[in-house]
Amino acid sequence: MAAQVYKVEGMSCGHCEAAVTEELSALGGLSDIAVSAEKGTATFDNDGTVSEEQIIAAIDEAGYDAARA
């Protein structure tokens, strides 16, 4: 599994990181989730069962815009 990186716009604090992490964790199929407000990124391993659309929708649900980096 190769790490996937997504650019996440608008995060500014630990609460933002926690919200994105919670939504990504709920998808299942993702592991080693690391979200950084400072870098504006979400990095994780995907077992291949989660689509890019699902990932972007989950980050959107947390209140942020995302795109594959």
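Count residues from 1 along the sequence.
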What are the two closest heavy atoms between [X] and [Y], and how far apart are they?
X   : Y   : result
T49 : D47 : OG1-OD1, 2.6 Å
C13 : A37 : N-CB, 3.7 Å
A58 : L27 : CB-CD1, 3.9 Å

Q. How about Q4 and I55: do any of their side-chain heavy atoms sit closer than 4.5 Å?
A.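 The answer is yes; the side chains approach within 4.5 Å.
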Q) Is any side-chain heavy atom of V20 closer than 4.5 Å to a side-chain heavy atom of M11? A)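 When only atoms from C-beta onward are counted, M11 and V20 do touch, with a gap below 4.5 Å.
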Q: Say whether, by atom type as modelled, one donor and one acceptor occur between the side chain of Q54 and the main chain of S51 under 3.5 angstrom.
A: yes
Q) Would you say K39's side chain and K7's backbone share a donor-acceptor pair under 3.5 angstrom? A) no
Q.
One pair to check against side chain to side chain contact (heavy atoms under 4.5 Å, CB included): Y6 and I56. What are the steps and the verdict?
A. CA-CA 9 Å; Y6 281 75; I56 290 172; 4.0 Å; yes
Q) To the nearest 0.5 Å, what is the distance between OH (Y64) and OG (S12)? A) 6.5 Å
Q. When rounded to the nearest 0.5 angstrom, what distance separates CG in L30 from OG1 in T43?
A. 11.5 Å
**Q.** Test applied, side-chain contact (heavy atoms from CB on, under 4.5 Å); reference residue, E17; option that passes from V35, I33, V8
**A.** V35
Q) Any chance CD of E52 has more than 12 other-residue heavy atoms, nucleotides or ligands included, within less than 6.0 Å? A) yes
